[in-house]
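What you are looking at is a predicted structure, and each value in this text was computed from that prediction instead of being measured. Computed from heavy atoms alone, side chains included, the values below leave out hydrogens, waters and symmetry copies. To find a chain, count down the sequence lines: A is the first, B the second, and so on, and within it residues start at 1.
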Number of protein chains: 2
Amino acid sequence: MEEPPVPAEAGTPIPRGIGARRRVLRAALQVLDEHGLAGFTMEAVARSAGASKATLYRHWPTSGALLIDAMDATFQPFPVPDTGHVATDVAELLAAFADLLERTPFPRLLAAFIDAAERDPALRTLHADLTRRRREPLLVALARGRDRGQLSVRLDLDLTVDLLAAPFFYRRFVAHRPITPDLINDVIAEVLRPPGSGGGAAAPVGGTAPRHQSVS
Amino acid sequence: MEEPPVPAEAGTPIPRGIGARRRVLRAALQVLDEHGLAGFTMEAVARSAGASKATLYRHWPTSGALLIDAMDATFQPFPVPDTGHVATDVAELLAAFADLLERTPFPRLLAAFIDAAERDPALRTLHADLTRRRREPLLVALARGRDRGQLSVRLDLDLTVDLLAAPFFYRRFVAHRPITPDLINDVIAEVLRPPGSGGGAAAPVGGTAPRHQSVS
DNA sequence: TCTTATCGGTACGCTACCGTTTCGATGGAG
DNA sequence: CTCCATCGAAACGGTAGCGTACCGATAAGA
């Protein structure tokens, strides 16, 4: 995905092309943000980048390949807080995530990407990979909490990450309701199960009563 | 949104147009499913419907208006089970929902719709409304459970619906991992808090410890 | 300084979709 | 049966994107 600023040493010269490349990638994200997947066009990106279509085709064979590189470049990992309290760490990560969803162009990019990933296997793979990387900080924070004894060793960490992160996506992309600060507290309260009181089931539930166990 | 099958009685005849209209709506969904939002074109829909473009423009001024009507027509409410056990009812609803996500064209339609809703306020409104209607059965099942005393009266039902439904969307559209039957059990176990044992926090969590309360 | 790969700009023919119009066919209502 | 609103088909000029090819300009490496 990267090219060294200076040719490694081999016969291939390839020295100069990265400036334009970066400008095109930035422009690609801007076009995707403003006009969605339907407006994501080689012409539109070239226009927005002040570049020539020929330049785009020199670097990327198709608009899909360009989209993949552009989305790949968006990833920025969250730093993992380490306060000693798992709930605090998780709250901080979720707050940063909520901010990403409410106050940056990220969600509009993701919405376009979700649609694209439905029909292009390569994009689908990249999307799954980016998601995995984005989950990492939360997973680390939970693992630390478990090692500290703040979480049950039987807790399925991957499932917990799902349960923690999912409501934010749901609110933003499906329900289209605002993500309130309360949501962070409520989600943590429900999923991490604080010790004391709190709402919840008060009587046994029957029928296909959940066996609590999970593999993946 | 509806036209009476037979003219109510007024001067307007409007008898014959609904056959073609339905065919076009079906075709619109098929095109959206197969080619995504980028391929959603008046020409493509007309072709797929075996209809004339003129016919489409007689009924819908723009492709966006057609998309709205088509998506609106997709809604089919789940029947609300009523077994007397809230966990069983919820499990049944979630199983039906998982099936909808894994074995029907619905999710691809929704993915296209999510992207479209980011940029068109009318689609956004419709999307929010469809989601609200889709939540209704789960909400009813939870309310019955609460009235039966199986859930705390302090439980925020809307939040609970969020927490129950969100992981399925997340798995399908974001993480791109399969929705296993275990997920249903795990989600219910976490969110509805079965009485007995089960994984979860084992020690107090400090810091910005969650105040468990929510308004909406 | 000289070379050379990459650059932006422009133009090409091609295809697809737009939104409208005109036409003859058709089928339901009176 | 007759009427007539609606239908499908076809064609229109216009716009936009595709992917390719060529150009002179330019900036980095030798």
Side-chain angles (χ1 to χ4, degrees), chain A residues 2-28 30-32 34-67 69-70 112 116 119-120, chain B residues 3-28 30-32 34-70 112 116 119-120:
Chain A
E2 248 72 83
E3 291 165 8
V6 176
E9 61 160 352
T12 49
I14 12 168
R16 178 167 158 233
I18 66 177
R21 192 187 155 95
R22 272 209 270 270
R23 273 177 32 235
V24 170
L25 287 177
R26 287 173 59 90
Q30 184 179 336
V31 168
L32 193 63
E34 290 176 358
H35 306 294
L37 193 59
F40 188 78
T41 289
M42 290 299 239
E43 299 245 2
V45 174
R47 224 180 297 134
S48 169
S52 165
K53 270 200 299 175
T55 301
L56 268 70
Y57 281 105
R58 268 178 219 122
H59 288 279
W60 298 275
T62 75
S63 62
L66 172 55
L67 178 57
D69 273 12
R119 282 157 198 91
D120 184 324
Chain B
E3 291 165 11
V6 178
E9 61 159 351
T12 48
I14 12 169
R16 175 167 159 237
I18 67 178
R21 192 187 156 94
R22 271 210 269 270
R23 275 179 27 237
V24 170
L25 287 177
R26 286 172 58 92
Q30 184 180 335
V31 169
L32 192 64
E34 289 176 357
H35 306 295
L37 193 59
F40 188 78
T41 289
M42 288 301 233
E43 299 245 2
V45 173
R47 222 180 297 133
S48 169
S52 165
K53 270 199 300 174
T55 302
L56 268 70
Y57 281 106
R58 269 179 220 121
H59 288 279
W60 299 275
T62 75
S63 61
L66 171 56
L67 178 58
I68 287 180
D69 273 13
R119 280 154 201 94
D120 185 324

According to side-chain contact (heavy atoms from CB on, under 4.5 Å), who are the partners of A70(B), at least two apart in sequence or on a separate chain? L25(B), A28(B), L29(B)

Tell me every residue that passes side-chain contact (heavy atoms from CB on, under 4.5 Å) with A49(A), counting only those two or more places apart in sequence or in another chain. V24(A), A27(A), A51(A)

Let me confirm one number: the [atom1]-[atom2] distance from [X] to [Y], rounded to the nearest 0.5 Å.
X: R21(A); Y: T55(A); atom1: CZ; atom2: OG1; result: 12.5 Å
X: L32(A); Y: S48(A); atom1: CG; atom2: OG; result: 11.5 Å
X: T41(B); Y: H35(B); atom1: OG1; atom2: NE2; result: 9.5 Å
X: L37(A); Y: D120(A); atom1: CG; atom2: CG; result: 10.0 Å

Can you tell me the distance, in whole Å, between the [atom1] atom of [X] and the [atom2] atom of [N]?
X: R21(A); N: dG8(C); atom1: CZ; atom2: C1'; answer: 18 Å
X: R58(A); N: dC23(D); atom1: CZ; atom2: C1'; answer: 11 Å
X: L66(A); N: dG17(D); atom1: CG; atom2: P; answer: 15 Å
X: Y57(B); N: dC7(D); atom1: OH; atom2: P; answer: 16 Å
X: M42(B); N: dG19(C); atom1: CE; atom2: C1'; answer: 9 Å
X: L56(B); N: dC7(D); atom1: CG; atom2: P; answer: 10 Å

Minimum heavy-atom separation for A116(A) and L67(A), please, with both atom names. CB-CD2, 4.2 Å

Could you tell me whether R23(A) atom CZ has more than 12 heavy atoms of other residues or ligands within 6.0 Å of it? yes

Base-pairing string, 5' to 3', of DNA chain D - Watson-Crick or wobble, under 3.5 Å, | interstrand: ||||||||||||||||||||||||||||||

Starting the side chain at C-beta, find the nucleotide from dC7(D), dC7(C), dG19(C) nearest to A20(A). dC7(C)

Taking DNA chain C as the partner, which of residues 43-53 of chain B come within under 4.0 angstrom of it by heavy atom? E43(B), R47(B), K53(B)

Are the side chains of W60(B) and I68(B) in touch, meaning some heavy atoms are under 4.5 Å apart? no

Are H35(A) and dA16(D) close enough that a side-chain N or O sits under 4.0 Å from OP1 or OP2? no

Residue pairs, two or more places apart or on separate chains, that pass salt bridge (Lys or Arg N to Asp or Glu O under 4.0 Å) and touch residues 41-67 of chain B: E43(B)-K53(B)

Which atoms of nucleotides 13-15 of chain D (N or O only) lie under 3.5 Å from a protein N or O atom, and what are those distances?
none

